[in-house]
Structure formats: C-alpha cells, structure tokens
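Take a look at the structure set out below.
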Amino acid sequence: MSVVDTPADTPADTPADTSARTSRLFAAGPFGERVEEARERVAGLLRRAFEPVAQQAETEGLFPRELLAGLGAAGLFRERWARADAADPYGDPGLGVLIAEESGRLGHAGLSVGLSLHCETVLSVLTRYGDTPLLAEYRARALEGRLVGCLGASEPTGGSDLNGVRTVARRTAGGWHVTGEKKYLSLGLVCDIALLLCRLDEGAGPVAGRLGLLAVPASGLTPRKRLSKAGTAALDTTWMVVDAEVPDEALVGRPGSGLLVATWGLNHERLSIAAQAVGGAARAIGLATAHLQRREQFGGPLMDQQALRLRLAELSSRLVALRFAVYAAAQGVPVPGACGTREIAALKTTAARFVAEATSECMHLFGGAGYLEDETPMSRMWRDSRLARIGGGTDEMLWELVAGGLVPDDAAYDESVDLG
C-alpha cells in the first residue's frame, strides 16, 4: 500500500513523478517567498508543540509523545513525505531540512533529535521499504503521530561497528524470534515499535554479514538500564534487552539487506542533524550578539570590543557557509550522484563539530552568566550540542566513509610534482 495515490510502480519519468519533483519546497531554489512562508509556518507549529512540554521533558528525562501526536495531527509528517513511494522515496527533503533547522533554533536539542528520529529516520525507512501490510499500517499511523518509532543499531559490544551486531533473529514457523541487547535506544521508553538491526539465523546459525532490520513492538523490549547522559535530557535513551516474536512481514526489506536499509535511514538522520546544527548555532550566535549589544562594560557595550565582535563575525561567516551547504544537500539528495552517503557523512561531521564549537564560544561570551543554568540557556545548549558528534555515527566512522571515496588526481600529480 502506497503512502499516496500514485502507484508504487509508477515509472520515474511519468507526469506524477514530475509533479512530485516540481512541488518540492526547494524545487526553485532554497530561497524566496514560498520558502520563507513555509519556514514561518513550520517555526510557529514547532514552537507551539515544543513550548508546553519542553521543561517537563527535560526534568523527567522522557520524550513527550504528545509532541509527535500534535505535529502528526497538524499534517506535518504527511506533508514531509507527501507523494513519496517506492519509485520516488525522498518526499520533500527541503521541508525536512527546514523542520530540522527550525526545531534546532528553538534550543531544545533533546526534543529536536527525538522529532528527527521519528520524522526522518523511521519514516524514511518505512516509506521506502515498508512494503508489507503490517509495515504499511505502521507507516500510516506514524505519519499521523499515533505511533512512535525508533531505530536500534548500536550494542554493548560496540556502537559504530554495525557489522559486529550480535542481536539475532532466528527463523521460526511463523516469522522470527529476536533476542539480544541494544544499548543506545533513544525513544525506547516511549516507542510503539523499534526497527532493530539483527543478524539473521535462517536455520544454519547466524551468518556473518547477513543482517536484517525487523520492526519489533515495544512489548518485546525490557529496560536493562536507563542511561544518564551529559545532555539532551529530554530524549530518553535506554539500554534494552530484546526478546520478541514477530511475523514474517515485520522484516523491513529483503533478508540480508539490513545494513543497506539502516543506512538509508541513517543518511536522513545525518542530514537532519546537520540542519539542526544550523538552527542551534544560529540561536547561540543570536543570543551572544544580543548580549554583547546590551551588556555595558568598560564604558560601553561589549560589542565595542573588537576581539569579541570579530569572534562572532567569524562564527557567523562559517554558519552562512554551513547553511548554504545543507540547503544544497537537500536539493541534491533526490538527484542521482549529487549527494549520497559520503557527502552527507562529510556534511554531518562538519556541522556537528561546528555547532559544538559555536555553542562553546557563545557560552564563553556570556562570561560567568553563560555557566549559570538559572540565568542563561547557554550551558544546556553547549552540553546538548555534543551529542551531534556521536549520534548517527561518530566523527571517525563518518570520516572513514569519506576516506573511502577519496580519488587521487594522478594526472595533475604527474604533471606538476617532481620529487627528483
């Protein structure tokens, strides 16, 4: 069952597909009245969803399901994935980036990340690979915000080594018996389903490299330890023990394609993290700018101090470059060869490192007040920003992806280098 009326087997060059491409938010570029109207509408929707629940979520350490329910009821998820199907599974990446950027700008990273995990990671996977009746039902409910999903890949034995997965799905008469542990399951305490990466045992024991992604209901997850993180307190993250019986139709994609399917979802998550970094850094720079203009020291506003205003100017300049890069990536994602796994990995890592630096520097510009949680939000934003360098893949893992695509310019080398 397709998300939309366009059949899943519609050829890529049909009028329906052309309409989907031209209706995307960034179809005529990432700027202009249409984009700004969408930005204003999305920002207002997110602000109304975030503000009533942010403080309680931060205090309780539990992501508020009602946030996703409200956004789903408002049609935001359906708009993000409008016209997406197996033939053109991208939906509207420009809108996805806008949602992530504006959520990051609100300064509640735990809520932003939880929103992204549901809207980008889980729904991207269910849209492209959810071709069974059960998965189609999950997708429909997730689009409405009535079902919360999450992705579980990392395990106690190693977070980034997805080929080292030890959670096993053993073939049964009616489906699969999934057993194992997932250590960093964000949204695990509030989810209805978890998409879990498993090693498949189809009767001859688990096969190295043969992975599957299975939709496991929350009833098959038992908390082993609720994790206490340095930041993003509003995003519950739990070490879970898995023991679940699921039917055949809970397998997402083909047997053995689990890593490919998970990577598809992770690519959407990584681009969303980059866009959240844009919004988060913009908020930090904006707060620091206002502070330097208002704070009187040494006979005038702090902005009069050249060292301080030039530090902000340098951060702001790098933010401009990052924002343009994120927008270009959103335009390039649906274009073959334009923006793939390596490009997104490079962008995510660059953005994650920048937002960590920008929030740290802006906190510093507040002086002692930046370190006081009851006077400014800067220390919380600084702590929260650090997750971006780990979630969705560590810097080092993503740099390995980038390194794998390095291409030597042998012609230029032979032409211009002479080592004697």
Side-chain angles (χ1 to χ4, degrees), residues 26 30 80 90 93-105 109-110 112-125 150-151 153-154 159-162 184 186 231-232 235 237 259-284 315 318-335 337-360 381 384-406:
F26 286 2
R80 164 63 181 96
Y90 298 98
L95 180 59
V97 158
L98 211 63
I99 293 169
E101 180 185 357
E102 292 306 314
S103 72
R105 199 185 299 272
S112 298
V113 175
L115 168 60
S116 171
L117 290 173
H118 178 82
C119 179
E120 294 297 320
T121 316
V122 172
L123 276 171
S124 69
V125 168
C150 62
L151 175 70
S154 300
S160 296
D161 183 11
L162 299 188
Y184 303 105
S186 293
T232 59
L235 177 69
T237 304
L259 189 56
L260 174 68
V261 177
T263 298
W264 173 259
L266 287 170
N267 279 345
H268 284 80
E269 179 180 342
R270 290 164 186 164
L271 181 56
S272 182
I273 290 171
Q276 289 172 55
V278 169
R283 181 178 180 85
L315 291 173
R318 290 163 61 191
L319 177 60
V320 169
L322 177 62
R323 176 180 285 117
F324 278 49
V326 168
Y327 292 173
Q331 287 183 290
V333 162
V335 181
C339 186
T341 297
R342 289 191 175 102
E343 290 78 15
I344 292 174
L347 185 58
K348 183 266 188 186
T349 307
T350 301
R353 294 172 72 84
F354 172 71
V355 72
E357 179 186 353
T359 51
S360 176
M381 291 171 60
D384 287 353
S385 69
R386 192 57 178 78
L387 177 63
R389 292 187 56 191
I390 301 171
T394 62
D395 294 351
E396 292 74 20
M397 190 191 82
L398 299 188
W399 277 333
E400 284 291 352
L401 292 177
V402 176
L406 294 175

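- Proximity of V122 to L117: side-chain heavy atoms (C-beta onward) are nowhere separated by under 4.5 Å.
- Taking 4.0 Å as the cut-off between side-chain N and carboxylate O, E101 and R105 count as a salt-bridged pair.
- Using modelled atom types, no side-chain atom of R389 and backbone atom of A352 make a donor-acceptor pair closer than 3.5 Å.
- Proximity of V333 to I344: side-chain heavy atoms (C-beta onward) are separated by under 4.5 Å at one or more points.
- Within the model, atoms NZ of K348 and CG of L266 stand 10.0 Å from one another, a figure rounded to the nearest 0.5 Å.
- When every heavy atom of R323 is checked against every heavy atom of A282, the shortest pair comes out as NH2-CB, 3.9 Å.
- Counting heavy atoms from C-beta on, the side chains of V320 and F324 come closer than 4.5 Å.
- Residues R80 and C119 share a closest heavy-atom pair of CG-SG, 3.9 Å.
- Rounding to the nearest 0.5 Å gives a distance of 8.5 Å between CZ of R353 and CZ of R386.
- Looking only at distances, a side-chain donor or acceptor of E343 sits under 3.5 Å from a matching main-chain atom of G340.
- In plain terms, the two heavy atoms of A356 and S385 that are nearest each other are CA-OG, 3.6 Å.
- A donor-acceptor pair is defined here as one N or O able to donate and one able to accept, closer than 3.5 Å; such a pair exists between the side chain of D384 and the backbone of T232.
- Of the N and O atoms on the side chains of N267 and T341, at least one donor lies less than 3.5 Å from an acceptor on the other residue.
- Atoms OG and CD, from S116 and E269 in turn, are 6.0 Å apart once rounded to the nearest 0.5 Å.
- No side-chain heavy atom of V113 sits less than 4.5 Å from a side-chain heavy atom of S186.
- Here the side chain of T263 pairs a donor or acceptor atom with the backbone of L259 at under 3.5 angstrom.
- In the displayed structure, E357 atom CD is contacted under 6.0 Å by more than 12 heavy atoms of other residues, nucleotides or ligands.
- Checking side-chain atoms of S112 against main-chain N and O of S103 turns up a donor-acceptor pair under 3.5 Å.
- Although no hydrogens or angles enter the test, the distance criterion places no donor-acceptor pair under 3.5 Å between the side chain of T121 and the main chain of H118.
- Of all non-hydrogen atoms in A275 and A100, the two that sit nearest each other are CB-CB, 3.6 Å.
- Taking the side chain as every heavy atom from C-beta outward, V326 and L347 approach each other to under 4.5 Å.
- Counting only distance, with no hydrogens or angles, the side chain of Q276 and the backbone of A109 share no donor-acceptor pair below 3.5 Å.
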Show your reasoning for whether side chain to side chain contact (heavy atoms under 4.5 Å, CB included) applies to V125 and L151. CA-CA 10 Å; V125 168; L151 175 70; 5.8 Å; no
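- The minimum heavy-atom distance linking L401 with A345 is given by the pair CD1-CB, 4.1 Å.
- A pairwise comparison of heavy atoms in L315 and F354 identifies O-CZ, 3.4 Å as the closest pair.
- With S124 contributing its side chain and E120 its backbone, the two residues share a donor-acceptor pair below 3.5 Å.
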